[in-house]
Amino acid sequence: MSKIHHTVGQPLAHESARLHVTGEALYTDDLPEQHGTLHAALGLSRRAHAAIVSMDLSKVRAAPGVVEVVCLDDVPGEKYVGAYVHDEPVFADGRVQYVGQPLFAVAATSHDAARRAAQLAEVQYRDLDPVLSADAGAERESYVLPPVRISRGDVQAELGKARHRHQGRLYCGGQEQFYLEGQVAYAQPGENDEMLVYSSTQHPTEMQGMIAHMLGRPLHTVRVQCRRMGGGFGGKESQSWPFATAAALLAWRTGRPVKLRPDRDDDFMITGKRHDFSASYDVSYDAQGVIGAVSFEQRLRCGYSADLSGAVADRQVFHTDNAYYLPAFDILSLRVKTNTQSNTAFRGFGGPQGILCIEYALDDIARRLGLDPLDVRKRNFYGVDERNVTPYDTVLEDNVIQQLVDQLETSCDYRRRRDEIRRFNADSKVLKKGLSLVPVKFGISFTATHLNQAGALVHVYTDGSILVNHGGTEMGQGLNTKVAQIVAEEFGVDIDQVRASGTDTSKVANTSATAASTGTDLNGKAAQDACRKIKAALAAFAADQYGCDEQHIRFQAGQVHCGNRVIPFRELVQKAYMARVPLWSSGFYKTPKIHYDMKTLTGRPFYYFVYAAACSEVVIDTLTGENRLLRTDILYDAGRPINPAVDLGQIEGGFIQGAGWLTSEELWWDEQGALKTHAPSTYKIPSVSDCPDHFKVEFFDNGNTENNIYQSKAMGEPPLPLAISVFLAIRDAIASVAELRADIPLDAPATAERILQTLDAVAPGRFSLAAGSRTEADMAAEPMELSAGPSGGTVQ
Ligand code: MTE
Ligand code: HPA
Ligand code: MOS
């Protein structure tokens, strides 16, 4: 082996790690404020569905410090925006469609003054009938987009003649993104109708477009920048728009800089969340648990507008197979319109919801047949050379699920622990344990083919330092770190010589959202392309200067090797500059091979798949419904990881975020359609103490069969659905007290309340004297390990 120092593949610290922990990292709200900056607040609807009879804003205008108030009539350009369908009025248009919908915006001399003024609006409503749940909307055929159905084979006939058949249903709640940095925009008007907007957004180009259309101005007058976000998790893929447009409109009207930073409660009330859904299924299988035919009806609560719901629902459909071959299937996806926040992207983007459907059904099958769920799963896996066609007609080419799951099964000691848990449960009256091993296959690429493109700009300065700018946004996931590693690798220089700068629509144009886990794949390749153009120019120059073969010039360890000559990178750069060689370049990338018919949902929507599996062990308290995650082992196919440290953080974080979705995070709307869980006091995200004591994440040794950047694979979203293992382990623990009941009707999230309800449904007599001999002495004797306290978990 030669002593090549590689940057790609190193577990380097996040490029802003030091700034994050010292508090020096600048988020949008930390930017120095310009003189004369105004602060804005939004006035929100208090009704779920109503006609606006009158809206009197005179008290708002007269409030202390108020400078400007705007509503829909004040929008000079397009009054409706939207990610795909333009069905979202910038402010309510004659009627309100959910509690929290912005009615107007006010700009005042202080944040406090603006918020106080916004409360003074006098609005008269005439209530209309609201649709609040996906089921209620489906009954009325109230949709934001038409239903989509994909099928193969004669499913009804197959189901009809099957010896084993099961019909079930499940409900799964939504999830608030709960980015630590809330939504925020800061708009600064410039000369000649220019507008600069700092927006905490995953999609600067879309914000630029919406602001420009709303102002009726060409795109080149609007510039959007984002240095970093304190998390986006999909919640800033499209829904940074109400804040960006309102701040820009107020800045345009007043000619003054305007900052809009809603507080957490308003953020919760205004923006959409992960889609909650209900699903029903009908499945046939043989005595071994192998699925013959299956039908699903999925009803997603989309909220009042289409937003990204079409693509989310498509991705749910695309992930309903997960790792399993479905010989005959029929999947009907309903995109239900309701009078609630417009549900949107959230890590996984419908994928986790699709995977949950099939995993839930597979567990039913296993329980009904008295088989171990892992065996049933394995028998249904996609094959390598046969049984390898997905419901959307893609032939799987990179399937490693069988080997990966076998490896995890052994390394986590699945079979032995299964026996141990059985014994534990037989002896333990109150505490019951459960175990589940769940695989994940996750498709990488935006399903909308055209979004799979990216641009970058690389500058090599005369001192050899390098600046890279690309279309992706940094939200904590380490994209800039990885792109900088790629650039350093290309030039063979130290990582300290490379810096990534903030996202800016005036540097790279027409970018896609940083989403679908494609940030590094797309922007890394675009940056690599730019580097290679510069290297080609430098190599041609060096060959000419030093008389070596241009084809064999290598950039390594800060040096350029040209025949027998070794020239320091910096020296070559200086010489090249003097010789008028261009030292900067743009780069471009588009994902090859993908295509997809949006009408039939067939083709190759994904460039490649990520494979992973998790095994989780839980304990529940059958008296209180409390649960605790004891142990999780994850095996993840990251290809050749670009940064194993950052990637490990993504897997751990994504998994725990998924566990929050399925166990503790509960969104609750009252009967009038008002969201009542709109702050951390009532909405519980996991904390570090919710991590299991034993939390082991390992990389599966595998390359990427496709020519993805440095043979890596995406890391952002696929870890999240691994947390389905936690949910199903809880269901397994409940099943242990309900020996005669095959069906465990547990909905998500599995809060203490729901666990208790399910226990009461399936094992109502579990503590009665007739059923057992539980005494107070028994209860006192058993250690309550659930209340493990703050030392409960550590992340390694
Ligand atoms: N990690 C952090 N720390 N913060 C985030 O907001 N978003 C997730 C994931 N990991 C997110 C994150 C989501 S929803 C996506 S799509 C990917 O990061 C986007 O970044 P990538 O494509 O660069 O992986
Ligand atoms: N994933 C994430 N975000 C998206 C997608 C997708 O497939 N399509 C459009 N936005
Ligand atoms: Mo991620 S949900 O694709 O922003």
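In listed order, ligands and their atoms are each counted from 1.
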Discussion item. I'd like to know whether NZ of Lys696 has more than 12 heavy-atom contacts from other residues, nucleotides or ligands below 6.0 angstrom.
Written reply: yes
Worksheet item: Does the ring center of Phe268 lie less than 6.0 Å from the ring center of Tyr683?
Response: yes
Worksheet item: Between Arg604 and Asp393, is there a salt bridge with N-O shorter than 4.0 Å?
Response: no
Worksheet entry | Phe699 and Tyr636 aromatic centres sub-6.0 Å | no
Worksheet item: Under 4.0 Å from any heavy atom of Ala516, which atoms of ligand 1 are there?
Response: 16 (S)
Item to complete: Pull out every atom of ligand 1 sitting under 4.0 Å from any heavy atom of Gly232, numbered as shown with elements.
Response: 5 (C), 6 (O)
Discussion item. Under 4.0 Å between a side-chain nitrogen and a carboxylate oxygen: does that hold for Asp504 and Arg227?
Written reply: no
Worksheet item: Are any of the N/O atoms in Glu717 less than 3.5 Å from those in ligand 3?
Response: yes
Worksheet entry | Numbering as shown, the atoms of ligand 1 that approach Gly476 to under 4.0 Å (heavy-atom distance) | 2 (C), 3 (N)
Item to complete: Quick one: look up the protein heavy atom nearest atom 19 (C) of ligand 1 and list residue, atom name and how far away it is.
Response: Met475 CE, 3.8 Å
Discussion item. Distance under 4.0 Å to a non-hydrogen atom of Gly234: what atoms of ligand 3 satisfy this?
Written reply: 2 (S), 4 (O)
Item to complete: With heavy atoms only and a cut-off of under 4.0 Å, state how Met229 meets ligand 1: side chain, backbone, both or neither.
Response: neither
Worksheet item: Within the distance-only criterion (no hydrogens, no angle test), does the side chain of Asp87 pair as donor or acceptor with the backbone N or O of Ala306 below 3.5 angstrom?
Response: yes
Discussion item. Give me the nearest non-hydrogen protein atom to atom 3 (O) of ligand 3 as residue plus atom name, then the distance to 0.1 Å.
Written reply: Ala516 N, 2.7 Å
Worksheet entry | Gln485 versus Thr7, side-chain donor and acceptor atoms under 3.5 Å | no
Item to complete: Provide, to 0.1 Å, the distance between atom 15 (C) of ligand 1 and the closest protein heavy atom, together with that atom's residue and name.
Response: Glu717 CG, 4.1 Å
Item to complete: Take Phe609 and Phe606 through the ring pair (Phe, Tyr, Trp, His ring centres under 6.0 Å) test and state the conclusion after the steps.
Response: CA-CA 7 Å; Phe609 295 92; Phe606 307 118; 5.8 Å; yes
Item to complete: Provide the number and element of each atom of ligand 1 under 4.0 Å from a heavy atom of Gly231.
Response: 6 (O)
Practice prompt. Name the closest protein heavy atom to atom 17 (C) of ligand 1, giving the residue it belongs to and the distance to 0.1 Å.
Written response: Gly716 CA, 4.1 Å
Discussion item. Could you identify the single nearest non-hydrogen protein atom to atom 8 (C) of ligand 1 and state the distance to 0.1 Å?
Written reply: Arg347 NE, 3.9 Å
Fill in: Test item: side-chain donor near acceptor, Thr514 and Gln202, under 3.5 Å
no
Practice prompt. Check ligand 3 against Ala345 and write out every atom of the ligand that is under 4.0 Å from a heavy-atom position of the residue.
Written response: 2 (S)
Worksheet item: Under 4.0 Å from ligand 1, counting heavy atoms only, is it the side chain of Thr518, its backbone, both or neither?
Response: backbone
Worksheet item: Should the pair Tyr392 and Phe318 be assigned to parallel (<30°), tilted (30 to 60°) or perpendicular (>60°) ring geometry?
Response: perpendicular
Response to the item:
min-distance protein heavy atom vs atom 4 (O) of ligand 3 -> Gln202 NE2, 2.8 Å
Worksheet item: Are side-chain N/O atoms of His14 and Asn643 paired as donor and acceptor at under 3.5 Å?
Response: no
Worksheet item: Is Gln202 in polar range of ligand 1, meaning some N or O pair under 3.5 Å apart?
Response: no
Practice prompt. For residues Ala659 and Ala723, report the shortest heavy-atom separation together with the two atoms involved.
Written response: N-CB, 3.2 Å
Discussion item. Taking Lys273 first and then Glu176, would you say they form a salt bridge - that is, a charged N and a carboxylate O separated by under 4.0 Å?
Written reply: yes
Item to complete: At a heavy-atom distance under 4.0 Å, which protein residues reach ligand 2? Sort them by chain and number, would you?
Response: Tyr84, Glu237, Ala311, Arg315, Phe349, Phe446, Thr447, Leu451, Ala515, Ala516
Practice prompt. Using the ring pair (Phe, Tyr, Trp, His ring centres under 6.0 Å) rule, take Phe655 and Phe695 through it: C-alpha gap first, then chi angles, then the decisive distance, then the call.
Written response: CA-CA 10 Å; Phe655 174 83; Phe695 193 8; 5.6 Å; yes
Worksheet item: For residues Thr473 and Thr503, is any side-chain donor paired with an opposing acceptor at under 3.5 Å?
Response: no
Practice prompt. Heavy-atom contacts with Phe346 under 4.0 Å: which atoms of ligand 3 show up? List them by number with element.
Written response: 2 (S)
Response to the item:
Nearest non-hydrogen protein atom to atom 20 (O) of ligand 1, with distance, is Gln477 NE2, 3.1 Å
Discussion item. One thing to verify: whether Arg532 and Glu490 come together as a salt bridge, which I'm taking to mean a side-chain N less than 4.0 angstrom from a carboxylate O.
Written reply: yes
Discussion item. Regarding ligand 1, does Gly519 bring an N or O atom to under 3.5 Å of one of the ligand's N or O atoms?
Written reply: yes
Practice prompt. Do me a favour and list the nearest non-hydrogen protein atom to atom 9 (C) of ligand 1 with residue, atom name and distance?
Written response: Gln650 OE1, 3.6 Å
Item to complete: Would you mind running through ligand 1 and noting each atom that sits below 4.0 Å from a heavy atom of Ala515?
Response: 16 (S)
Discussion item. Pairs of nitrogen or oxygen atoms closer than 3.5 Å, one from Phe233 and one from ligand 1: do any exist?
Written reply: yes
Item to complete: Please state which part of Met715 comes within less than 4.0 Å of ligand 1, counting heavy atoms only: side chain, backbone, both or neither.
Response: neither
Worksheet item: Looking at Glu237, which atoms of ligand 3 are within less than 4.0 Å of one of its heavy atoms?
Response: 3 (O), 4 (O)
Worksheet item: Got a sec: does the CZ of Arg499 have more than 12 other heavy atoms crowding it under 6.0 Å?
Response: no
Worksheet item: With no hydrogens and no angle check, do the side chains of Arg274 and Gln175 hold a donor and an acceptor under 3.5 Å apart?
Response: yes
Fill in: Numbered atoms and elements of ligand 1 in range of Gly234, under 4.0 angstrom, heavy atoms
14 (S)
Worksheet item: If you draw a 6.0 Å radius around CG in Asn510, do more than 12 non-hydrogen atoms from other residues or ligands fall strictly inside?
Response: no
Worksheet item: What residue and heavy atom of the protein are closest to atom 2 (S) of ligand 3, and at what distance?
Response: Arg347 N, 3.1 Å
